[in-house]
Each structure stands twice: as C-alpha cells, then as structure tokens.
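Okay, structure first, notes after.
All of these numbers come straight from a predicted model, not from anything done at the bench.
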Amino acid sequence: QLQLVESGGGLVQPGGSLRLSCAASEFTLDYYAIGWFRQAPGKEREGVSCISSRFSSGGGSTNYAESVKGRFTISRDNAKSTVYLEMNSLKPEDTAVYYCAAKPYGDACRLYGMDYWGKGTLVTVSS
C-alpha cells in the first residue's frame, strides 16, 4: 500500500516562498496521479495542483487551481520518490493544511477519487 508523507510546511511572511515535499513509499511515481490539496480552518478541502500519471491519458500533465496559477509549481522526481510543490508569492489566504494524495493511473486529481492520502503539513502565511 502506497504511503505518503508531507513535509516542508511552516510559518512564512506574505510574499515569501516554501517548498513542500511529498515522499512516497514506492519508486515509480509515474504510475500515479499525485495531487496537492489544502484545507483552511473552517473551510472544505480543495484541490491545489495535480500531476497526472504518465501512463494515463493525461500523460504527466499538470494543472493548477486558478487561485495559485503562476505562483505554485508541481514537479515529480522519481529518483527520490518525491513530488514537490514550489510555492512563491505566498498570501495569507494560502494558509492551510496541505495534503498530498495519489491515484494509480489517474488522469486527474479529484477530491473524492484519490486512493491514498498523507497526513498533511501546515502552512501559515502571516506577518
């Protein structure tokens, strides 16, 4: 069973940057769609970014929520079994617990369609 562990969260000032990591227990992440989701206090969990499985119709494509386009970048490093979320120009409204999740051969990252979840890492954007 795939296990996911997030890290890299913390306190950062508005305009700052953080890089989140999602370390997986399997080497070949290409087989999975990996998504980043977040949940702010009092709000529902929402999708942030997704990289599809290379073996799906998505072919390893990436997509982003409108609220983070141009600021966040998702990437996959199979050698390190890790997916990253590079977050720049952070805003207070980015404050949330960030989760990574995976779906075998997924072409997209749907909130209720992911099979494996990490426990999350807290990102706080505040001055």
Side-chain angles (χ1 to χ4, degrees):
Q1 182 167 343
L2 183 69
Q3 295 181 338
L4 303 171
V5 179
E6 304 93 337
S7 62
L11 174 63
V12 62
Q13 292 187 341
S17 298
L18 281 176
R19 187 177 75 163
L20 304 184
S21 299
C22 173
S25 58
E26 294 186 13
F27 281 112
T28 313
L29 293 184
D30 280 347
Y31 288 102
Y32 295 88
I34 306 288
W36 285 98
F37 298 81
R38 68 186 180 186
Q39 188 165 17
K43 294 188 176 182
E44 293 186 355
R45 194 171 298 188
E46 63 177 1
V48 174
S49 181
C50 177
I51 183 165
S52 65
S53 165
R54 290 195 190 278
F55 300 99
S56 73
S57 59
S61 59
T62 61
N63 61 62
Y64 301 89
E66 285 296 325
S67 59
V68 306
K69 274 184 181 178
R71 299 189 298 123
F72 290 11
T73 303
I74 190 170
S75 61
R76 176 166 49 203
D77 186 336
N78 283 327
K80 296 183 178 180
S81 302
T82 300
V83 171
Y84 301 100
L85 185 69
E86 186 76 36
M87 306 188 297
N88 299 313
S89 302
L90 283 161
K91 304 175 181 180
E93 51 264 43
D94 294 317
T95 295
V97 178
Y98 283 72
Y99 301 87
C100 65
K103 180 175 179 62
Y105 300 102
D107 61 353
C109 301
R110 300 175 182 85
L111 178 59
Y112 297 106
M114 308 305 285
D115 293 312
Y116 306 99
W117 288 86
K119 293 184 178 181
T121 185
L122 177 63
V123 172
T124 303
V125 184
S126 175
S127 54

Check C109 against A33 and note the closest heavy-atom contact, atom names and distance.
-> SG-CB, 4.1 Å
Give the ring-plane orientation class for Y31 versus Y105, where under 30° counts as parallel, over 60° as perpendicular and anything between as tilted.
-> perpendicular
More than 12 heavy atoms from other groups under 6.0 Å of CD on E44 = no
Quiz item: cation-pi between R45 and F37, 6.0 Å / 45° | no
So, for L111 and W117, which heavy atoms are closest and what is the spacing to 0.1 Å?
-> O-CZ2, 3.5 Å
Residues I34 and A102: closest non-hydrogen pair is CD1-CB, 3.6 Å
Heavy atoms only: give me the nearest A65-G47 pair and the separation to one decimal.
-> CB-O, 3.6 Å
Is the side chain of T62 donor-acceptor paired with the backbone N or O of I51 at a distance under 3.5 Å, no angle test?
-> no
For N78 and T28, indicate whether the former's side chain and the latter's backbone hold a donor-acceptor pair under 3.5 Å.
-> no
For the residue pair D94 and R38, what are the closest heavy atoms and their distance?
-> OD1-NH1, 2.9 Å
Quick one: closest heavy-atom pair of V48 and V68, and the distance?
-> O-CG2, 3.7 Å
For the residue pair D107 and S52, confirm or rule out a side-chain donor-acceptor distance under 3.5 Å.
-> no
Looking at K119 and E6, does any basic side-chain N land under 4.0 Å from a carboxylate oxygen?
-> no
Greater than 12 external heavy atoms within 6.0 Å of Q39's CD | yes
Would you call the rings of Y32 and Y116 parallel, tilted or perpendicular if under 30° counts as parallel and over 60° as perpendicular?
-> perpendicular
